[in-house]
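Since this is a predicted model, take the numbers as computed values, not measurements. Computation of the quantities below employed the complete heavy-atom set of this structure, encompassing side-chain atoms and omitting hydrogens, waters and symmetry-equivalent molecules. Numbers restart at 1 for each chain; the letters A, B, ... are given by sequence-line order, proteins then strands.
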Number of protein chains: 2
Amino acid sequence: MAQNKKNEFSKSEIELADFARALSHPARVAIMKAVAEKNMCICGEIVEVLPLAQSTVSQHLKELLNAGLLSGTVDGTKSCYCINRKVFDKFIGSFNKFFLITQEN
Amino acid sequence: MAQNKKNEFSKSEIELADFARALSHPARVAIMKAVAEKNMCICGEIVEVLPLAQSTVSQHLKELLNAGLLSGTVDGTKSCYCINRKVFDKFIGSFNKFFLITQEN
DNA sequence: ATTGTTTATCGTAAATATACGATTATTATA
DNA sequence: TATAATAATCGTATATTTACGATAAACAAT
């Protein structure tokens with residue numbers, strides 16, 4: 001865009017938008033579901049389940065890590081991902097708060 | 001992208017992602033808040049509050065309409081927007097369901 | 001040591017999203 | 001009827017996202 005105006009909004013608006021953005025692609029929703037189901041997932045297991053190339057899945061995983069929704073640890077050649085409950089719960093809180101605001105009338 | 005793989009995911013994953021996408025820009029979060037606060041907003045009121053050009057706000061409004069989160073009616077030269085409670089509540093439901101799935105362990 | 005596994009990163013192409021000014025269309029007002 | 005107000009749409013520039021194959025890096029197995 002000509003200019004990026006995103007930081008001219010409030011902190012809470014930006015935070016909520018960032019969280020929403022992290023879940024704005026079905027692949028990332030699917031990843032979150034897969035990880036939640038098994039409590040923890042190896043990268044390869046996720047690649048198997050998604051209709052995307054390994055490099056693309058890696059990219060989506062990176063975004064979920066950056067957003068803080070997942071945390072990752074390395075075990076040998078394998079990468080284990082699990083849901084970052086702390087951050088995720090914080091976001092659920094923001095979301096519910098937002099939902100409440102939109103329901104006050 | 002070379003190809004768009006979005007429709008290779010499940011309907012519920014796509015729906016949730018679409019909802020998240022609609023809220024993935026702080027301007028759209030701000031619009032939803034502004035409309036909720038006053039129960040109904042004229043386009044001009046929203047433009048006044050946001051740090052964006054009128055045409056850009058119109059574009060964001062259109063996306064919220066497309067996603068079904070807002071409904072709009074025309075009154076003379078003015079456009080009134082309000083939250084489409086039915087659709088919005090449905091999305092809240094999907095979201096809460098998703099949250100539950102991620103908390104089953 | 002060589003080979004295989006696993007996953008992240010790089011480079012790149014193509015699609016989408018964001019932002020604006022200018023214009024248009026519609027309605028209200030003078 | 002002419003002018004002002006309001007908001008949608010068009011055209012366009014630029015930024016970001018999505019997707020892939022190829023490669024690299026790190027470890028495991030032979």
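Taking a 6.0 Å sphere around NZ of A:Lys78, one finds it holds 12 or fewer heavy atoms contributed by other residues, nucleotides or ligands.
Two residues are said to be in side-chain contact when any heavy atoms from C-beta on lie closer than 4.5 Å; B:Phe98 and A:Lys33 meet this criterion. Residues B:Ser71 and B:Cys82 are in side-chain contact: their nearest non-hydrogen atoms beyond the backbone lie under 4.5 Å apart. In this structure, B:Lys90 and B:Glu15 have side chains that are in contact, with non-hydrogen atoms separated by less than 4.5 Å. In this structure the side chain of A:Ser24 never reaches within 4.5 angstrom of the side chain of B:Phe19, judged on heavy atoms. Proximity of B:Ser79 to B:Ile42: side-chain heavy atoms (C-beta onward) are nowhere separated by under 4.5 Å. Within the 4.5 Å cutoff, no side-chain heavy atoms of A:Phe99 are placed close to those of B:Phe91.
The side chain of A:Ser79 approaches C:dA8 more closely than any other nucleotide in the set D:dA7, C:dA8, C:dT26. Counting only heavy atoms from C-beta on, B:His60 has its side chain closest to C:dA19 among C:dA28, D:dC27, C:dA19. Distance from the side chain of A:Lys78 is smallest to C:dT7 among C:dT7, C:dT26, D:dA28. Comparing C:dA8, D:dA8, C:dG21 against the side chain of B:Ser55 picks out C:dG21 as the nearest. The listed nucleotides are D:dA26, C:dG21, D:dT6; the one nearest the side chain of A:Thr77 is D:dA26. In the set C:dA19, C:dT26, D:dA7, the nucleotide with an atom closest to the side chain of B:Ile42 is D:dA7. Listed candidates were D:dT9, C:dA19, D:dC20. Nearest to the side chain of B:Thr56 is C:dA19.
Each end of the helix from C:dA1-D:dT30 to C:dA30-D:dT1 yields a helix axis from five base pairs, and these two axes differ in direction by 10° (to the nearest 10 degrees).
The phosphate of D:dT18 has OP1 or OP2 within less than 4.0 Å of a side-chain N or O from A:Arg28. Between A:Asn4 and C:dA17, a side-chain N or O to OP1/OP2 separation shorter than 4.0 Å is absent. Contact annotation: B:Arg21 side-chain N/O to C:dT18 OP1/OP2 distance is under 4.0 Å.
Classified by interplanar angle (parallel below 30°, tilted 30° to 60°, perpendicular above 60°), the ring pair B:His25/B:His60 is tilted.
Atoms CG (A:Leu70) and C1' (C:dT7) sit 15 Å apart, rounded to a whole Å. Whole-Å rounding puts the A:Glu63 CD to D:dT17 C1' distance at 7 Å. The interatomic distance linking B:Lys62 (NZ) with C:dT16 (P) rounds to 15 Å, in whole Å. Nucleotide C:dT18 holds its C1' atom 16 Å from the CG atom of B:Asn66, rounded to whole Å. If you take CD of B:Glu48 and C1' of D:dA7, they are 14 Å apart, rounded to a whole angstrom. Distance CG (A:Asp75) to P (C:dT6): 12 Å, rounded to an integer number of Å. The CG-P distance, from B:Leu52 to D:dA7, rounds to 16 Å in whole Å. Nucleotide C:dA15 holds its P atom 13 Å from the NZ atom of B:Lys6, rounded to whole Å.
A:Gln59 comes within 4.0 angstrom of a nucleotide base, judged by non-hydrogen atoms across all strands.
Evaluation of atom-type donor-acceptor distances gives a pair under 3.5 Å for the side chain of B:Gln54 against the base of D:dA8.
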